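All remarks here apply to the structure that follows.
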2 protein chains.
Amino acid sequence: MTSQRMVIAQLIHDSDDHPDVDTIYRRASEIDSSISLATIYRTVAILEEAGVVEKLDIGDGRARYEAAGEHHEHLVDVDTGDIHEFHHLELEALKERIANEMGFELVGHRLELYGRRLASSKTSKDTKAQD
Amino acid sequence: MTSQRMVIAQLIHDSDDHPDVDTIYRRASEIDSSISLATIYRTVAILEEAGVVEKLDIGDGRARYEAAGEHHEHLVDVDTGDIHEFHHLELEALKERIANEMGFELVGHRLELYGRRLASSKTSKDTKAQD
DNA sequence: CTAAATGCAAAACCTTTGCCTCAAA
DNA sequence: TTTGAGGCAAAGGTTTTGCATTTAG
């Protein structure tokens, strides 16, 4: 509705990395220098609530955000901090099945793999699992 | 080595829930009222480093700890906040395989499922997946 | 015009750290 | 005694909030 909100939503949508709030703040400031940190926090909360963005927690103590959409998982390169996305149907199904086996309906999940690049794949920076 | 450290280690080992630092602090205080919060933080960090306890992050902004040992995953009941543990070999293998497919050696992972108890299982409070 | 959103600054939370004291070996 | 651990309180980093002001509809 407001211009700030559009700037922030657009910005997250255009980001193909996984910016934390401070990064979003800095990028938003370049577009509208009057935007405040508080607005970033309030807006990402609203956007998340609305299902427009998704919060990501890779365990470094601050929230990251990405555009919502095709749900994918994240593999964090422990040496570089790079986040690689992947999508795995078998995994999706398995999570669901496990929840059901335990008597639950799966309403959400959080998964991050932490890995170190194998020597044999050092040459390919963009190896992806089935996607 | 010190009495405080033993109290804390013992306490976490005896807890079958997943206490956060403040809870550990309160429980430890009952045993030794002179223990300080700083010591809890320093000690859990050391115990984690030593592989004696494991840090758990269920996304509520504070760290929880449990005794290390058989690695299991957690399913959080979104209605009650209860944490249910499960162990699933197929999942273990799949995570490893996905990392490898992406050219990584899996060095860690984090998984939580968030679920709502199915009506059909409302009677059983202790349903477990294969374990 | 009216309600909602923003900015600013203060506060709330969890966690870490400096420094001096105390305890273990 | 000597080194490491603990207590206390202050500081750090991230996120939230109160309140007055501005903006959208």
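Excluded from the calculations below are hydrogen atoms, water molecules and symmetry mates; all remaining heavy atoms, backbone and side chain alike, are included. Naming: A, B, ... by sequence-line order, numbering from 1 per chain. Note that the coordinates shown come from a computational prediction; the quantities given were computed from them, not determined experimentally.
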*Could you state the atom-to-atom distance from CD of E49(B) to P of dT16(C) in whole Å?*
12 Å
*Check whether any side-chain nitrogen or oxygen of T39(A) sits under 4.0 Å from OP1 or OP2 of dA5(C), and answer yes or no.*
no
*Touch check for A45(B), heavy atoms < 4.0 angstrom, all strands: base, sugar-phosphate only, or nothing?*
nothing
*Are M6(A) and I46(A) joined in one hydrophobic group, where the rule is that I, L, V, M, F, W and Y side chains link up if heavy atoms are under 4.5 Å apart?*
no
*Round to a whole Å and report the spacing from CD1 of I35(A) to P of dC8(C).*
11 Å
*Can you check whether V44(A) reaches I12(A) side chain to side chain, under 4.5 Å on heavy atoms?*
yes
*Do the side-chain N or O atoms of R5(A) get closer than 4.0 angstrom to the phosphate oxygens (OP1, OP2) of dT6(C)?*
yes
*Under 4.0 Å between a side-chain N/O of T2(B) and OP1 or OP2 of dA5(D), yes or no?*
no
*Among dT6(C), dT15(C), dG7(D), the nucleotide that comes nearest once only the side chain of S34(B) is considered*: dG7(D)
*asked:* Nearest to the R42(A) side chain among dC8(D), dG7(C), dG6(D), which nucleotide is it?
replied: dG7(C)
*Heavy atoms only: give me the nearest I83(A)-R64(A) pair and the separation to one decimal.*
CD1-CD, 4.4 Å
*Can you tell me the distance, in whole Å, between the OH atom of Y25(A) and the C1' atom of dC8(C)?*
10 Å
*Side chain of Q4(B) only, please: which of dT15(D), dG7(D), dA24(D) is the nearest?*
dG7(D)
*How many Å lie between CD1 on I8(B) and P on dA5(D), as a whole number?*
13 Å
*Tell me: CG of L37(A) to P of dT17(D), nearest whole Å?*
15 Å
*Go through the side-chain N and O atoms of T80(B) and R117(B) and say whether any donor and acceptor fall under 3.5 Å apart.*
no
*Could you state the CD1-C1' distance from I46(A) to dT16(D), rounded to the nearest angstrom?*
13 Å
_Which residue lies more 5' along DNA chain C, comparing D32(A) with K55(B) via nearest heavy atoms_ = D32(A)
_Length of the line joining D22(A):CG and dT14(D):P, which is rounded to integer Å_ = 7 Å
*Do the side chains of L75(A) and V78(A) join up, straight or via other hydrophobic residues, at under 4.5 Å, putting them in one cluster?*
no
*Does dT15(D) have OP1 or OP2 sitting under 4.0 Å from an N or O in the side chain of Y41(A)?*
yes
_Measure CZ/R62(A) against P/dT15(C) and give the value in whole Å, please._
16 Å
